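This one's a predicted model, so the numbers in the text were calculated from it and none came from an experiment. Protein chains get the first letters and strands the later ones, always in sequence-line order, with residue 1 at the start of each.
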Protein chains: 4
Amino acid sequence: MSAESEDLNAIVRGARAEFRERQIVDAAVRLMQEKGTHSVSMQAIAKSCGVSVGLLYKYFSDKEQIVLAAITRVLEEFRLRVPSAIAVAGGPVDKVIAAFSEFCRVVDEQRHAVVLTYQVSRALSKQGLKSIQDQELETLQPLVDVVTAAVEAGDLRDVNAQTLGHDLMATAHMWALKHWYFQRIELDLDTYIDRQVRTLVLSNLSETARR
Amino acid sequence: MSAESEDLNAIVRGARAEFRERQIVDAAVRLMQEKGTHSVSMQAIAKSCGVSVGLLYKYFSDKEQIVLAAITRVLEEFRLRVPSAIAVAGGPVDKVIAAFSEFCRVVDEQRHAVVLTYQVSRALSKQGLKSIQDQELETLQPLVDVVTAAVEAGDLRDVNAQTLGHDLMATAHMWALKHWYFQRIELDLDTYIDRQVRTLVLSNLSETARR
Amino acid sequence: MSAESEDLNAIVRGARAEFRERQIVDAAVRLMQEKGTHSVSMQAIAKSCGVSVGLLYKYFSDKEQIVLAAITRVLEEFRLRVPSAIAVAGGPVDKVIAAFSEFCRVVDEQRHAVVLTYQVSRALSKQGLKSIQDQELETLQPLVDVVTAAVEAGDLRDVNAQTLGHDLMATAHMWALKHWYFQRIELDLDTYIDRQVRTLVLSNLSETARR
Amino acid sequence: MSAESEDLNAIVRGARAEFRERQIVDAAVRLMQEKGTHSVSMQAIAKSCGVSVGLLYKYFSDKEQIVLAAITRVLEEFRLRVPSAIAVAGGPVDKVIAAFSEFCRVVDEQRHAVVLTYQVSRALSKQGLKSIQDQELETLQPLVDVVTAAVEAGDLRDVNAQTLGHDLMATAHMWALKHWYFQRIELDLDTYIDRQVRTLVLSNLSETARR
DNA sequence: GATGAATGAGTTTTCATTCAT
DNA sequence: GATGAATGAAAACTCATTCAT
């Protein structure tokens with residue numbers, strides 16, 4: 001076999017691996033959304049994505065790795081999209097609002113996976129849990145950063161940026177966690193975002209910014 | 001057997017039953033705290049509280065009932081203590097702060113059981129889930145009520161009471177859900193309460209109240 | 001305590017014991033009829049006859065003894081009523097018909113218990129099984145006897161009495177065993193008896209008796 | 001993988017599945033013969049046929065399905081062999097005798113499984129029970145048919161065909177149900193068949209056929 | 001690379017039996 | 001005599017994981 005074709009093979013292999021992993025995680029997330037993590041068996045995942053159980057173990061060393069990959073995927077989404085939204089927004093406070101709004105939108109799109117994050121924690125190994133917590137901190141940072149910037153710009157009162165940042169994230173997560181409640185009171189996402197912006201952000205405008 | 005001793009027997013039985021139920025739920029909560037709901041087997045619960053598996057089924061018809069009892073116990077605490085704290089507090093805004101503070105304190109004392117509430121949802125039957133959601137709404141109500149009162153008294157800006165009430169509850173819950181985080185940043189409960197009061201409550205004071 | 005009152009006590013004890021045993025077996029049969037032997041627990045029997053589980057073990061050494069007692073009770077019925085019916089009947093063939101008819105009637109009254117006899121056999125100890133088989137032979141004997149007599153009287157053809165006797169018993173049992181079938185074809189007991197008498201008995205009338 | 005080898009795989013799989021199912025049902029029947037249905041655990045069946053418990057559930061969704069398969073297997077035998085025996089026999093009465101004889105022979109070969117049919121009824125679901133009753137009616141039909149034909153041909157007296165047909169089946173079943181008895185009186189199958197033919201069939205010959 | 005048959009430890013639940021009161 | 005709380009072995013069934021092909 002020539003060197004080039006070996007290279008080509010390696011590329012094909014890589015592409016295939018990536019495709020397979022995505023395929024598997026997709027199926028896992030889909031099923032876990034419907035039934036909760038623990039009721040989803042490896043057999044069910046295999047069946048749902050049309051491969052054999054054995055193959056699952058070729059790509060993931062055990063079930064935890066699949067769950068981890070699923071969660072990582074949502075968190076990835078936050079890491080990508082929230083900074084983009086911030087970049088696009090105008091002033092300091094607008095950036096805060098944009099960050100929060102986008103955060104909420106991602107949560108809404110991946111509602112079940114977000115819930116998953118809260119549900120599985122205890123079932124993960126120390127290592128796995130740590131990895132997810134670290135990633136979550138990464139998604140939190142942009143929120144803290146925009147709040148800090150807005151405070152420094154004098155547009156927000158002198159609130160604790162860490163606290164408000166975390167509150168914003170928590171409030172976004174709550175859209176998923178308490179979805180049953182918001183459904184009961186017939187609250188839609190846009191109204192939710194709007195009201196929370198008033199309650200959490202606009203209430204903390206500085207005297208200057210208020211004008 | 002005399003009538004009196006029969007009565008006595010009945011009382012003893014009742015007391016024993018109550019003791020056993022408490023014992024079982026305690027053990028269950030303790031274990032679930034450590035390992036997550038699904039990783040706790042009936043065997044483990046039995047062992048942990050020093051009784052046989054069979055006896056578990058004398059007091060609870062199935063595993064779900066134990067989980068339900070555990071959750072109900074925390075929620076009961078909220079139902080009892082939050083209104084008391086409100087009653088004792090002075091002005092409308094003080095009542096809001098008192099309600100939130102007490103809510104946080106209960107969460108702190110029952111940290112693991114609160115986390116449980118978020119974790120188990122998928123594992124419960126429709127009926128069981130509904131029952132817990134209804135109870136949770138009951139714990140939310142006092143928070144909404146004090147906010148409403150404070151708004152009507154003109155001490156809080158015209159925020160949406162439902163939103164702020166829910167935010168207060170969610171923020172309290174977060175003390176349990178994200179405990180790993182607050183531990184990492186070395187934040188203690190009192191500081192947490194204090195900062196959240198500033199961010200969520202005091203920021204929403206009306207112009208009048210601000211003076 | 002005086003000798004007389006001791007005697008009296010003994011009698012009372014005996015009467016009570018008999019009453020209790022009857023009470024327990026009654027409950028057991030009632031439940032087994034509804035649900036089959038294996039689905040009836042000692043707890044259920046105790047509850048159904050309003051005594052404690054512990055008391056069951058005062059009167060029967062284990063569950064098998066209760067089942068045995070239940071079966072013995074049906075077989076007792078055959079031992080008592082079939083000979084009576086025979087005694088009352090007129091000629092040799094009438095005695096055969098009377099025996100079979102009465103056998104069928106007892107089966108009908110204790111339908112579920114008869115089925116029980118066929119169902120439990122394998123679940124019993126060697127000893128218990130033997131005891132029931134012996135008792136069953138005792139219920140068979142009268143049938144064989146009347147057939148033998150009818151043959152010797154020259155009213156029945158020279159059939160094998162043992163065979164015909166057993167067939168008569170088996171046919172009566174079948175009324176219980178295949179009750180679902182007879183219900184489906186809407187056959188009542190009297191018609192069943194009538195047809196079987198024609199097919200099994202009258203068909204075997206001797207030339208002489210036929211006139 | 002080539003199309004041919006996929007086909008081959010499918011065939012191998014099918015063959016293996018069939019082999020396994022037979023293997024499992026065989027083991028189940030063997031054990032149930034010895035101990036009664038309820039005393040045979042899935043563990044025991046697995047052990048007896050040298051596979052794991054888990055595998056049992058690959059081939060049968062639950063225990064009932066194994067019992068059902070076992071019973072269906074016996075009934076299948078009746079459905080196949082009795083009509084064949086009828087086809088081969090000569091005159092109308094010979095057909096009746098041939099049908100009954102063959103029925104008895106199948107019972108003898110599958111003695112324990114026949115007993116099973118009578119024992120399990122209560123343990124089956126409504127659906128399962130119905131399925132077995134329907135199958136049993138199918139095995140009864142040929143017997144009723146030959147009797148009807150013999151009556152219409154004028155070779156049997158005007159007996160109720162349904163009754164006699166059912167009696168023949170019941171009598172054959174009894175060879176299994178009361179085997180302990182026939183063993184005690186040292187009666188072998190051929191003699192049993194012979195005597196029953198005299199008692200049930202020949203006794204019902206018409207005047208014409210008797211000559 | 002891919003399969004899926006096979007495993008067996010683990011889960012929830014039931015129930016005959018015992019024994020302190 | 002009578003109770004019923006307590007036991008624990010055993011049942012049916014599930015599922016993460018392995019491995020021969």
Side-chain angles (χ1 to χ4, degrees), chain A residues 9 12-13 16-17 20 38-47 50-66, chain B residues 1 5-6 8-9 12-13 16-17 19-20 38-47 50-64 66, chain C residues 9 12-13 16-17 20 38-47 50-66, chain D residues 1 5-6 8-9 12-13 16-17 19-20 38-47 50-64 66:
Chain A
N9 275 352
V12 167
R13 253 203 314 280
R16 169 149 50 184
R20 286 294 196 203
H38 281 279
S39 7
V40 176
S41 68
M42 295 298 270
Q43 271 85 353
I45 296 173
K47 194 173 183 182
V51 303
S52 67
V53 223
L55 199 59
L56 258 42
Y57 284 85
K58 280 278 186 326
Y59 291 99
F60 297 92
S61 63
D62 55 26
K63 199 184 174 186
E64 173 165 340
Q65 299 312 312
I66 298 183
Chain B
M1 194 182 278
S5 68
E6 267 179 23
L8 190 62
N9 274 353
V12 168
R13 251 203 316 283
R16 169 148 45 189
F19 168 72
R20 284 295 194 205
H38 278 281
S39 357
V40 177
S41 67
M42 295 299 270
Q43 291 287 351
I45 296 173
K47 196 173 178 182
V51 303
S52 67
V53 220
L55 199 62
L56 259 40
Y57 286 87
K58 273 262 164 52
Y59 292 98
F60 296 94
S61 63
D62 55 26
K63 200 183 175 184
E64 174 164 341
I66 297 183
Chain C
N9 275 352
V12 167
R13 252 202 314 280
R16 169 149 49 186
R20 284 294 195 204
H38 281 277
S39 3
V40 175
S41 68
M42 294 297 270
Q43 271 85 353
I45 296 173
K47 195 173 183 181
V51 302
S52 67
V53 224
L55 199 60
L56 259 40
Y57 285 85
K58 280 278 184 332
Y59 291 98
F60 297 92
S61 63
D62 55 26
K63 199 184 176 188
E64 174 166 338
Q65 299 312 312
I66 298 183
Chain D
M1 193 183 277
S5 66
E6 268 180 22
L8 189 61
N9 274 354
V12 167
R13 250 203 316 283
R16 168 148 45 188
F19 168 72
R20 285 295 194 205
H38 277 281
S39 357
V40 176
S41 69
M42 295 300 269
Q43 290 287 352
I45 295 174
K47 195 173 182 184
V51 302
S52 66
V53 217
L55 200 61
L56 258 40
Y57 287 87
K58 273 263 163 49
Y59 292 99
F60 296 92
S61 63
D62 57 24
K63 199 182 174 186
E64 174 166 340
I66 298 184

Study note, to complete from the structure: Nearest-nucleotide check on DNA chain E, A:Tyr59 vs D:Arg20; residue mapping nearer the 5' end is A:Tyr59
Check your understanding: Toward the 5' end of DNA chain E, which comes first, D:Arg16 or A:Ala17, by nearest nucleotide?
Key -> A:Ala17
Nearest-Å distance, [atom1] ([X]) to [atom2] ([N])?
| X | N | atom1 | atom2 | answer |
| --- | --- | --- | --- | --- |
| B:Phe60 | E:dT12 | CZ | P | 15 Å |
| D:Lys47 | E:dA6 | NZ | P | 20 Å |
| C:Leu56 | F:dT3 | CG | P | 10 Å |

**Study point:** Contacts of type side chain to side chain donor-acceptor pair (under 3.5 Å), residue C:Gln43, not counting sequence neighbours
**Key:** none
Check your understanding: What string of B, S and - do you get for nucleotides 13-20 of chain F, 5' to 3', when a contact is any protein heavy atom under 4.0 Å?
Key -> BBBBBB--
Review item, side-chain donor-acceptor pairs of residues 53-61 of chain D, under 3.5 Å, at least two apart:
none

Exercise for review: Would you please confirm or rule out a distance under 4.0 Å between OP1 or OP2 of F:dT7 and any side-chain N or O of B:Ser52?
Suggested key: yes
**Study point:** Minimum heavy-atom distance D:Ala46-D:Ser52, with the two atoms named
**Key:** CB-C, 3.8 Å
Practice item. Treating a pair as Watson-Crick (purine N1 to pyrimidine N3 plus N6-O4 or O6-N4) or G-U wobble (N1-O2 and O6-N3) with both distances under 3.5 Å, list the stems of 3 or more consecutive pairs that involve DNA chain E. Key: E:2-21 with F:2-21
